[in-house]
Amino acid sequence: MIISVASGKGGTGKTTIATSLAAVLGSRAQLIDCDVEEPNCHILMKPVLKTREVVSLPVPVVDMDRCTRCGKCGEVCRFSAIIVIGDQVLTFPELCHGCGGCWLLCREKAIREGSRELGVVETGFAGPVEFVQGVLRVGEAMSPPLIRAVKAKVDPDKIAILDAPPGASCPVINTVSGSDFIIMVTEPTPFGLNDLSIAVDAVTQLGIPLGVVLNRADIGDNGVQVFCRQKDIPILAEIPNDRNVAEGYARGDLLVTSAPNYIGLFLQMIQRVQNLVGSQQQAVRIGAL
């Protein structure tokens, strides 16, 4: 089973929830940090990393001696990563999405496949928990291909916890696509509700069941609860604004380490997610009859 942990905005406690879910599952869990622009699960999990793989994207390299400047390569590229101007062929590797259309269409075989490094995928273990993270190269803007490389490490025999980037843009959609369930972490504030509603609207299009975890639940107002009732979204857990949790986070400790009294809450959350996923699959099977 794949569970994505997402949030409408940063700073809501998304990584805190994802790491503690993995910790209480132990050897049954695989924690995958898909927030490749700023991975931070390792700060709390403190894994021992054992492997490091470079991830690259294919980009065009033009042989000007073969090129006839026909312009077919530029016509097929919707991202303007290759352009023919007069007798010049200009390439912009940072805009290339690596589809390969330009070299496949080149009748003169004047374009070959080069590569541009996007980042690395690192793997290891944090105690019994299998750990995977992607680290985007500094200055690189195209994170989805690296996120897909990170997700390729998902072990179908484990419960994969995917820590998604914040927001509701392409990196988030790339992360949560294919998940069995999405946990949305938010705070009971107008800002939290606004960003939660945007994120829910985005991921709802994917048809994946989701639930909400309300962090620092005893501050703010009840707007999130009202929103969830209106949208029929289950609230999986409410975590109060606990000083022990805040102090532990400042030390770089897991929530369930600094406040072990929440271990039961996280185990119940996993059980409830499994029940909701089972109900959804059952509903799909009945609907198909």
Cluster question for you: counting only ILVMFWY and a side-chain heavy-atom cut-off of under 4.5 Å, with indirect links fine, are [X] and [Y] together?
| X | Y | result |
| --- | --- | --- |
| I263 | M269 | yes |
| I32 | V135 | no |
| I111 | L57 | no |
| F125 | L25 | no |
| V120 | M142 | no |

Can you see which heavy atom on [X] is nearest to which on [Y], and at what distance?
| X | Y | value |
| --- | --- | --- |
| L254 | A23 | CD1-CB, 3.8 Å |
| W103 | E113 | CZ2-OE1, 3.6 Å |
| I235 | R272 | O-NH1, 2.9 Å |
| V172 | G167 | CG2-O, 3.5 Å |
| G86 | R69 | O-CG, 3.8 Å |
| L214 | A217 | O-CB, 3.8 Å |

Could you check T91 against V62 for side-chain contact (heavy atoms from CB on, under 4.5 Å), going step by step and ending with a plain yes or no?
-> CA-CA 8 Å; T91 60; V62 181; 4.0 Å; yes

Counting distance only, does the side-chain N/O of [X] pair as donor-acceptor with the main-chain N or O of [Y] below 3.5 Å?
| X | Y | value |
| --- | --- | --- |
| R116 | P93 | yes |
| T189 | G192 | yes |
| D33 | C41 | yes |
| D253 | S258 | no |

Spatial distance of atom [atom1] ([X]) from atom [atom2] ([Y]) [nearest 0.5 Å]:
| X | Y | atom1 | atom2 | answer |
| --- | --- | --- | --- | --- |
| T175 | K151 | OG1 | NZ | 6.0 Å |
| T16 | L21 | OG1 | CG | 11.0 Å |
| K14 | T19 | NZ | OG1 | 10.0 Å |
| Q133 | L49 | CD | CG | 5.5 Å |
| D242 | R216 | CG | CZ | 11.5 Å |
| K158 | M1 | NZ | CE | 14.5 Å |

Side chains of [X] and [Y] in contact at under 4.5 Å (non-hydrogen atoms):
| X | Y | result |
| --- | --- | --- |
| S7 | P166 | yes |
| L162 | V150 | no |
| L44 | T15 | yes |
| V55 | P145 | no |
| L210 | I233 | yes |
| F266 | V213 | no |
| I159 | I3 | yes |
| T123 | F131 | no |

Taking atom [atom1] as the centre, does [X] end up with more than 12 heavy-atom neighbours from other residues, nucleotides or ligands that are less than 6.0 angstrom away?
| X | atom1 | result |
| --- | --- | --- |
| Y249 | OH | no |
| K46 | NZ | yes |
| K72 | NZ | no |
| E117 | CD | yes |
| R107 | CZ | no |

Contacts of type side chain to side chain donor-acceptor pair (under 3.5 Å), residue E37, not counting sequence neighbours |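 For E37 there are no side chain to side chain donor-acceptor pair (under 3.5 Å) partners, ignoring immediate neighbours.
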
Considering the options E130, Q30, E53, which one meets the side-chain hydrogen bond (donor to acceptor under 3.5 Å, both in side chains) requirement together with K153?
->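 Going through the options one by one, the only one that passes is E53.
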
Given I161 and I2, is the side-chain contact (heavy atoms from CB on, under 4.5 Å) satisfied, shown in steps?
-> CA-CA 6 Å; I161 309 294; I2 302 174; over 6 Å; no

Can you spot which of D163, V185, L236, T12 makes a side chain to side chain contact (heavy atoms under 4.5 Å, CB included) with I17?
->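 In the set D163, V185, L236, T12, the residue that makes a side chain to side chain contact (heavy atoms under 4.5 Å, CB included) with I17 is V185.
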
Identify whether the distance between the nearest side-chain nitrogen and carboxylate oxygen of E108 and R66 falls below 4.0 Å.
->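 So E108 does not pair with R66 through a salt bridge.
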
With a 3.5 Å cut-off and no angle check, do the side chains of S115 and S56 form a donor-acceptor pair?
->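 S115 vs S56: no donor-acceptor pair found between side chains.
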
Going through the distances and angles, do F181 and L276 end up as a side-chain contact (heavy atoms from CB on, under 4.5 Å)?
-> CA-CA 8 Å; F181 197 88; L276 288 168; 3.8 Å; yes

Passes salt bridge (Lys or Arg N to Asp or Glu O under 4.0 Å), E122 versus K50? Steps please.
-> CA-CA 7 Å; E122 298 175 325; K50 296 183 176 179; over 6 Å; no

Could you go through the side-chain contact (heavy atoms from CB on, under 4.5 Å) check for F191 and L193 one step at a time?
-> CA-CA 5 Å; F191 288 120; L193 174 57; over 6 Å; no

